[in-house]
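These notes concern the structure reproduced below.
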Number of protein chains: 2
Amino acid sequence: MTLTESLRDGNASQRIADSLRESILGGELSPGDRIVQEDLSARYGGSRIPVREALRLLESEGLVRLVANTGAWVASLTLAECSEVYQTRERIEPLLLRFSAEHLTQEQLARLDSLAHQMADAHGVEEFLDLDRQFHLGAYENAHTHVLGPLVTRLWNTTQPYRRAYTQLVGDRNRRIFHDEHHMLVTALHDGDLALAEQILALHIRRTRLHLERHPELFDQAPNSKETPA
Amino acid sequence: MTLTESLRDGNASQRIADSLRESILGGELSPGDRIVQEDLSARYGGSRIPVREALRLLESEGLVRLVANTGAWVASLTLAECSEVYQTRERIEPLLLRFSAEHLTQEQLARLDSLAHQMADAHGVEEFLDLDRQFHLGAYENAHTHVLGPLVTRLWNTTQPYRRAYTQLVGDRNRRIFHDEHHMLVTALHDGDLALAEQILALHIRRTRLHLERHPELFDQAPNSKETPA
DNA sequence: ATACCCCAGATTGTATCCAATGTCACCCCA
DNA sequence: TGGGGTGACATTGGATACAATCTGGGGTAT
């Protein structure tokens with residue numbers, strides 16, 4: 001079964017989209033970078049058709065910006081937009097946590113605790129970012145949602161480049177409160193105090209947002225033409 | 001300028017997606033209906049390429065369900081999924097209202113009030129649904145958001161077929177409380193009492209959800225294979 | 001009678017080719 | 001010397017043709 005994994009779903013566009021998404025989330029591509037269809041089709045050994053569908057998919061996820069007859073770029077966010085995403089997360093991630101918490105096993109709680117500890121010793125920006133993501137999304141693992149879970153993942157993805165830039169900028173400063181909040185969250189979950197866990201999570205996201213907002217220089221300054229259709 | 005309107009954005013896929021979206025929201029297509037690429041390409045006089053991109057777009061909006069090498073269907077929701085959407089709305093629409101409220105003009109408030117009144121005399125299901133949608137989305141008109149606004153529109157769209165089915169089912173019953181809540185919201189906005197407005201909106205969405213949940217027969221019963229990637 | 005298998009038709013996925021559009025550099029002119 | 005226009009090039013959008021895959025019905029064996 002592992003042989004067919006390379007062509008999972010049976011379509012190439014999914015594979016290309018997955019690979020491109022990883023490149024963006026991993027920082028190999030940065031906001032504003034131009035994406036040329038033919039480069040991708042050459043890289044993946046196919047035609048431009050699946051590439052185009054992959055780009056459409058990533059655009060709908062907010063990772064790519066398409067302009068008709070012109071081209072594609074890795075999506076960038078203004079500070080206002082990033083703040084918007086964080087305020088949205090502040091409202092919905094506690095709900096997702098609620099869905100998940102009632103099904104979390106002791107093993108999963110132990111893993112969250114382990115991740116929270118590992119982050120204290122994390123060397124380098126990438127390891128820190130990865131552990132943070134694993135911690136939060138891991139807490140939602142048992143939510144079994146079809147809408148909210150993917151939505152939260154999407155919000156994490158679109159802001160990932162800016163979390164990276166921020167983490168690189170501030171280094172180890174302010175990291176203590178970050179760890180403390182994670183441990184408080186684990187404790188609240190362990191105690192079964194869901195109301196407290198929700199509050200801690202909301203405050204954690206809120207504080208992170210306020211810290212991000214202190215560094216407007218990290219963000220896109222001039223939003224060219226980003227209409228909101230609705 | 002109106003001549004070029006038919007090919008707006010310069011790409012056909014957008015036009016096809018818009019048309020198909022209208023068909024789904026308008027009830028011409030129902031959840032579970034099969035969508036065949038060639039039918040659409042014949043209907044719009046093009047090839048299947050833009051049709052495929054349109055279907056991908058609508059899939060990402062949650063209006064269409066694609067299965068590789070098999071086909072496309074108008075998306076359906078289980079009761080649990082619909083409930084999830086409403087609980088999400090309950091958390092984020094008050095936030096969107098907050099963004100919008102600070103910029104709402106007197107004219108816009110008057111229009112909301114007018115819409116709330118018109119709904120009392122609405123004849124037929126379609127007019128009622130349309131006015132309700134105009135009322136709520138109209139309240140968010142001045143939010144000037146790039147993430148939250150489109151997200152809320154998307155959540156409205158995916159649940160539209162079930163609002164229609166519910167409205168057809170219950171007729172005029174329970175409609176009084178509906179109107180009362182709308183008028184209370186307008187009053188709170190008029191008074192500048194944003195905290196109250198947010199609460200009324202959340203309770204309005206919550207009560208609607210609870211009413212919907214009384215009719216599980218309206219929803220998809222057996223969710224075939226809807227994996228949540230994250 | 002029923003369960004399974006297999007093949008034909010229908011439908012989707014992809015490649016290649018051509019058209020349409022935007023970009024950019026160069027040139028002309030004031 | 002600077003600004004505007006124009007043309008060639010690069011890139012994207014779309015159509016046609018072909019390959020791959022799934023579905024469903026009919027036949028066969030148990």
Side-chain angles (χ1 to χ4, degrees), chain A residues 1 3-21 23-24 29 32-60 63-76 222 224-227, chain B residues 1 3-20 23 29 32-60 63-76 222 224-227:
Chain A
M1 277 301 163
L3 281 179
T4 61
E5 195 179 18
S6 61
L7 45 92
R8 59 190 169 195
D9 273 347
N11 51 4
S13 53
Q14 197 68 42
R15 191 169 50 87
I16 296 173
D18 289 346
S19 173
L20 199 52
R21 190 187 300 108
S23 295
I24 296 173
L29 293 174
D33 283 359
R34 175 71 187 271
I35 301 173
V36 177
Q37 294 179 3
E38 196 136 6
D39 293 353
L40 287 179
S41 62
R43 185 171 153 195
Y44 293 104
S47 79
R48 278 167 40 224
I49 298 285
V51 170
R52 287 174 49 175
E53 297 193 352
L55 290 176
R56 289 250 170 213
L57 180 60
L58 293 179
E59 182 198 27
S60 75
L63 289 175
V64 161
R65 175 171 162 75
L66 287 180
V67 177
N69 289 312
T70 303
W73 290 262
V74 176
S76 60
N224 255 344
S225 63
K226 306 184 176 184
E227 309 95 341
Chain B
M1 277 301 162
L3 281 178
T4 61
E5 195 179 19
S6 61
L7 45 92
R8 61 189 166 193
D9 273 347
N11 51 4
S13 54
Q14 198 67 42
R15 190 169 50 88
I16 296 172
D18 289 346
S19 173
L20 198 52
S23 295
L29 293 174
D33 283 359
R34 176 71 187 271
I35 302 173
V36 177
Q37 294 178 3
E38 197 136 3
D39 292 355
L40 287 180
S41 61
R43 185 171 155 196
Y44 293 104
S47 78
R48 279 167 38 225
I49 299 283
V51 169
R52 288 170 56 90
E53 297 192 352
L55 289 177
R56 289 241 171 224
L57 181 60
L58 292 179
E59 183 198 26
S60 76
L63 289 175
V64 161
R65 174 172 163 74
L66 287 180
V67 178
N69 289 311
T70 303
W73 291 262
V74 177
S76 60
N224 256 343
S225 64
K226 304 185 177 182
E227 308 96 341

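Scope of the values below: all heavy atoms of this structure, side chains included, with no hydrogens, waters or symmetry mates. Chain identifiers are assigned alphabetically (A, B, ...) following the order of the sequence lines, protein sequences preceding nucleic acid strands; residue numbering begins at 1 within each chain.
By the 4.5 Å heavy-atom criterion applied to side chains, B/Leu63 and B/Val74 are not counted as neighbours.
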Under 3.5 Å, which protein N or O atoms sit close to an N or O of nucleotides 17-20 of chain C? Give each pair with its distance.
none

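A salt bridge links A/Glu53 with B/Arg52: the distance from a Lys NZ or Arg NE/NH1/NH2 to an Asp or Glu carboxylate oxygen falls below 4.0 Å. The pair A/Asp18-A/Arg21 meets the salt-bridge criterion, since a charged nitrogen lies less than 4.0 angstrom from a carboxylate oxygen.
Between the CD atom of B/Glu53 and the P atom of C/dT12 there is a distance of 16 Å, rounded to whole Å. Here the P atom of nucleotide D/dT16 and the CD1 atom of B/Ile49 are 11 Å apart, to the nearest Å. Per the geometry, CZ belonging to B/Arg52 stands 6 Å off P belonging to C/dT14, to the nearest Å. Look at CZ on B/Arg56: it is 16 Å from P on D/dG14, rounded to the nearest Å. Between A/Asn11 atom CG and D/dC22 atom P the separation is 11 Å, expressed in whole Å. D/dG14 atom C1' lies 16 Å from atom CD of B/Gln14, rounded to whole Å. The CG-C1' distance, from A/Leu66 to C/dT21, rounds to 15 Å in whole Å.
Looking only at distances, no side-chain donor or acceptor of B/Ser60 sits under 3.5 Å from a matching main-chain atom of B/Leu58. A donor-acceptor pair under 3.5 Å is absent between the side-chain atoms of A/Ser13 and the main chain of A/Asn11, judged by distance alone.
A cation-pi contact, defined as under 6.0 Å to the ring centre and within 45° of the axis, is absent between B/Arg65 and B/Trp73.
For A/Thr70 and A/Pro50, each mapped to the nucleotide of DNA chain C holding its nearest heavy atom, the one lying further toward the 5' end belongs to A/Pro50. Of the two residues near DNA chain C, A/Gly46 and B/Gly71, the one whose nearest nucleotide lies more 5' is B/Gly71.
In terms of heavy atoms, B/Thr70 sits closest to B/Arg34 at O-NH2, 3.0 Å. In terms of heavy atoms, A/Val51 sits closest to A/Gln37 at CG1-O, 3.8 Å.
Of the residues in residues 34-44 of chain B, those placing a heavy atom less than 4.0 Å from an atom of DNA chain C are B/Arg34, B/Ile35, B/Val36, B/Gln37, in numerical order.
Contacts of B/Ala54 classified as side-chain contact (heavy atoms from CB on, under 4.5 Å), with partners at least two apart in sequence or in another chain: B/Ile16, B/Ala17.
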